[in-house]
Visitor: 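Right, I'll just put the structure down here and ask away after.
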Protein chains: 2
Amino acid sequence: MLYISVLNTHKMHQSIQLSVDAVVFGYESGTISVLLIKRKYEPFKGQWAIPGGFVLEEESLEEAVARELKEETGIAINYLEQLYTFGHPKRDPRSRVVSVAYFGLIKPSAFKILAATDAEEVQWFNITELPSLFFDHEAILQMAITRLQGKITYEPIGFELLDTKFPFSDLEKLYTTLLGRAIDRRNFRKKMLSLNILDELDEKVSKGSGRPANLFKFNNKRYFKLKKEGIIFEI
Amino acid sequence: MLYISVLNTHKMHQSIQLSVDAVVFGYESGTISVLLIKRKYEPFKGQWAIPGGFVLEEESLEEAVARELKEETGIAINYLEQLYTFGHPKRDPRSRVVSVAYFGLIKPSAFKILAATDAEEVQWFNITELPSLFFDHEAILQMAITRLQGKITYEPIGFELLDTKFPFSDLEKLYTTLLGRAIDRRNFRKKMLSLNILDELDEKVSKGSGRPANLFKFNNKRYFKLKKEGIIFEI
DNA sequence: GCAAAAGTGTTGTTGGTACACCCATGG
DNA sequence: CCATGGGTGTACCAACAACACTTTTGC
């Protein structure tokens with residue numbers, strides 16, 4: 001009996017469907033946002049949801065998630081990190097759908113969002129002002145936010161979220177926002193510079209009032225090296 | 001056209017199969033082992049593999065992985081942590097199978113392993129002496145080992161791997177083994193005790209030669225509290 | 001010249017690291 | 001009494017935390 005069930009398993013029509021979801025965060029002047037789509041069709045038409053969809057037979061999960069994101073929002077990003085796989089049997093009341101969630105970081109200013117396929121609308125939402133979401137998408141998003149906040153303790157962050165050239169205060173504000181609290185400017189700068197991932201440029205920018213700031217950029221090589229090695233960052 | 005394809009998606013026969021795998025580590029007197037099964041049937045009969053199998057329609061991923069582990073090895077554990085989802089289209093040459101890998105820790109001495117269903121044999125393998133494995137199971141195992149080693153920097157470890165009562169030297173040896181290097185006995189003890197997760201018992205044990213050691217046990221409440229909060233542990 | 005933001009150093013404290021000898025038991 | 005593993009304290013140093021004033025620009 002066991003023998004038969006085992007042999008059959010591989011041919012058995014399992015009828016579990018597999019989807020992917022892309023939680024994409026953006027940062028702009030002190031606000032962390034997440035990209036959501038409004039469903040165009042029934043069921044749940046008009047509900048906000050995390051972009052995503054079904055995996056095709058011949059594509060990898062990474063290809064699937066990048067494709068769905070592109071199709072639904074117009075955004076093409078090449079690096080999404082796997083977050084978690086959600087597989088509760090009743091998470092989608094219609095049928096059994098297991099979803100592999102990914103997350104990524106971008107600068108919203110560098111992309112043009114564009115509703116397509118099953119999205120009626122695409123919009124950035126401040127993560128502190130989220131609408132109610134489809135199925136278990138709130139739980140997925142919550143996990144992604146927690147991961148994002150956790151990341152800054154063991155990895156440098158900012159490269160994907162800031163402009164190529166930026167004043168130091170932008171980086172500081174990003175950390176302040178992610179941590180949700182003020183940080184000591186002097187200590188932060190000291191620590192950041194000691195990591196050797198920033199190159200100070202010979203260029204200044206003025207924001208209209210106040211002393212103009214020197215611009216920095218990330219030193220990609222050292223940034224990604226450090227990211228791989230892991231850091232212990234405690235501010 | 002888009003409309004139709006979207007509406008169809010949910011009914012479309014996707015024919016991707018979903019499986020789960022359980023990487024179970026054990027520790028015993030200075031050795032970290034992993035539990036593997038030998039496949040009983042073709043194809044790949046006789047190959048060693050990580051225990052696992054297909055997810056059933058009505059069960060969650062966690063239920064599936066616990067069930068498969070129980071069926072194939074006789075081991076029932078209630079906590080397996082999700083590791084990663086492997087979905088390369090060609091990882092199983094027969095058909096498209098996406099697998100959600102989990103990992104867990106146990107004390108081998110507390111369980112009796114027992115080959116069943118599609119396992120011909122079940123065996124603990126020292127992680128430094130692994131056989132060649134089925135498909136991409138080596139990559140899965142490698143990721144699990146990396147995660148296990150990484151865990152000790154941000155979580156206390158040991159509760160699941162050691163006996164209820166243990167001499168301090170057992171804990172020290174566990175860390176030495178996981179880290180793959182010697183640690184300073186005095187500093188390690190100082191740091192461990194300062195975490196407040198150990199209760200010293202009024203009981204001694206003698207290993208035959210040498211001064212008898214005091215026994216300790218983990219204070220479950222504080223251990224799991226700390227585990228949740230996360231620690232930064234750098235020895 | 002004043003408002004606004006950028007830039008900068010020092011000191012006390014804490015926690016990490018390095019290091020060597022005595023203790024309790026069994027044989 | 002010796003071999004074996006268990007148990008302990010101190011001193012140095014590096015890293016973190018706290019803290020306030022000066023500089024440069026626009027208006």
Side-chain angles (χ1 to χ4, degrees), chain A residues 28-30 152-154 156 158 162-163 165-177 179-217 226 229-235, chain B residues 28-30 152-154 156 158 162-163 165-177 179-217 226 229-235:
Chain A
E28 212 150 28
S29 51
I152 77 179
T153 66
Y154 61 88
L162 299 178
D163 291 331
K165 299 168 175 186
F166 54 90
F168 202 90
S169 57
D170 275 14
L171 187 57
E172 191 191 322
K173 197 183 279 175
L174 170 60
Y175 270 80
T176 308
T177 308
L179 290 166
R181 63 182 168 82
I183 54 186
D184 183 283
R185 192 147 42 103
R186 281 167 291 192
N187 292 339
F188 179 71
R189 189 183 188 110
K190 211 185 304 173
K191 178 126 194 187
M192 260 304 160
L193 292 177
S194 77
L195 294 178
N196 252 312
I197 55 174
L198 291 175
D199 289 339
E200 189 161 5
L201 303 175
D202 208 16
E203 217 174 321
K204 289 185 196 303
V205 70
S206 169
K207 282 194 184 164
S209 83
R211 175 175 175 174
N214 250 303
L215 290 177
F216 287 81
K217 69 182 192 68
L226 188 61
E229 290 168 358
I231 56 165
I232 300 222
F233 197 94
E234 203 63 57
I235 279 286
Chain B
E28 212 150 27
S29 48
I152 76 179
T153 66
Y154 61 89
L162 300 177
D163 291 332
K165 298 169 177 186
F166 54 90
F168 202 90
S169 56
D170 275 15
L171 186 59
E172 191 190 322
K173 196 183 279 173
L174 170 61
Y175 269 79
T176 307
T177 308
L179 290 166
R181 62 182 168 84
I183 54 185
D184 183 283
R185 190 147 45 102
R186 281 169 291 192
N187 293 339
F188 179 71
R189 179 182 269 253
K190 211 185 305 174
K191 178 128 193 184
M192 261 303 160
L193 292 178
S194 77
L195 294 179
N196 253 312
I197 55 175
L198 292 175
D199 289 337
E200 188 160 8
L201 303 175
D202 210 15
E203 215 174 323
K204 288 184 197 302
V205 70
S206 167
K207 280 194 184 165
S209 83
R211 175 175 174 174
N214 249 305
L215 291 177
F216 287 81
K217 68 183 194 65
L226 188 61
E229 289 169 358
I231 54 166
I232 301 222
F233 197 94
E234 204 63 56
I235 281 285

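Quick note on labels: first sequence line is chain A, next is B, and so on, each numbered from 1.
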Visitor: Heavy atom of residues 186-197 of chain A under 4.0 Å from DNA chain D: which residues?
Guide: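 Residues of residues 186-197 of chain A that come under 4.0 Å of DNA chain D are, in numerical order, A/Arg186, A/Asn187, A/Lys190, A/Lys191.
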Visitor: Using whole Å, what does the distance between atom P of nucleotide C/dA5 and atom NZ of A/Lys204 come to?
Guide: 18 Å
Visitor: Measure up the A/Tyr175 and A/Phe233 rings against each other and bin them: parallel (under 30°), tilted (30 to 60°), perpendicular (over 60°).
Guide: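 Ring orientation of A/Tyr175 relative to A/Phe233: tilted.
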Visitor: Could you tell me which non-hydrogen atom of A/Phe166 sits nearest to which non-hydrogen atom of A/Lys217, and how far apart they are?
Guide: CE2-CA, 3.9 Å
Visitor: What closest approach, in Å, do B/Thr176 and B/Ala182 show between heavy atoms, and which atom pair accounts for it?
Guide: CG2-CA, 4.1 Å
Visitor: Using atom CG of A/Leu215 as one end and atom P of D/dT25 as the other, report the distance to the nearest whole Å.
Guide: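 Going from CG in A/Leu215 over to P in D/dT25 covers 14 Å.
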Visitor: List in chain and number order the residues that pass salt bridge (Lys or Arg N to Asp or Glu O under 4.0 Å) with B/Asp184, two or more places apart in sequence or in another chain; answer none if no residue qualifies.
Guide: none
Visitor: Rounded off to whole Å, could you give me the CG-to-P distance for the A/Leu171 and C/dG7 pair?
Guide: 12 Å
Visitor: Starting the side chain at C-beta, find the nucleotide from C/dA20, D/dT24, D/dG26 nearest to A/Pro212.
Guide: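 Ranking C/dA20, D/dT24, D/dG26 by closest atom to the A/Pro212 side chain puts D/dT24 first.
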Visitor: Measure from CZ on A/Arg185 to P on D/dC21 and round the result to the nearest Å.
Guide: 14 Å
Visitor: Contact class for A/Asn214 (heavy atom, under 4.0 Å): base, sugar-phosphate, or nothing?
Guide: sugar-phosphate
Visitor: Tell me if the centroids of the rings in A/Phe188 and A/Phe168 come within less than 6.0 Å of each other.
Guide: yes
Visitor: Does B/Ser209 place a side-chain N or O at less than 4.0 Å from the phosphate oxygens OP1/OP2 of D/dA3?
Guide: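 No, B/Ser209 has no side-chain N/O under 4.0 Å of OP1/OP2 on D/dA3.
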Visitor: Rounded to the Å, how far apart are B/Phe216 CZ and D/dG6 C1'?
Guide: 11 Å
Visitor: Roughly how many Å is it from CG in A/Leu201 to P in C/dG7, rounded to a whole number?
Guide: 12 Å
Visitor: Could you tell me if the side chain of B/Pro156 sits less than 4.5 Å from the side chain of B/Ile231, heavy atoms only?
Guide: yes
Visitor: Apply the side-chain contact (heavy atoms from CB on, under 4.5 Å) test between A/Lys173 and each candidate in A/Thr177, A/Asp170, A/Leu171; give the one that qualifies.
Guide: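 Looking at A/Thr177, A/Asp170, A/Leu171, the match for A/Lys173 under the side-chain contact (heavy atoms from CB on, under 4.5 Å) is A/Thr177.
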Visitor: Rounding to an integer number of Å, can you tell me how far A/Asp184 CG sits from C/dG9 C1'?
Guide: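 Going from A/Asp184 (CG) to C/dG9 (C1'), I get 12 Å.
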Visitor: Taking 4.0 Å as the cut-off, does a side-chain nitrogen or oxygen of B/Ser169 come that near to OP1 or OP2 on D/dG5?
Guide: no
Visitor: Could you state the CZ-P distance from B/Arg211 to C/dA24, rounded to the nearest angstrom?
Guide: 5 Å
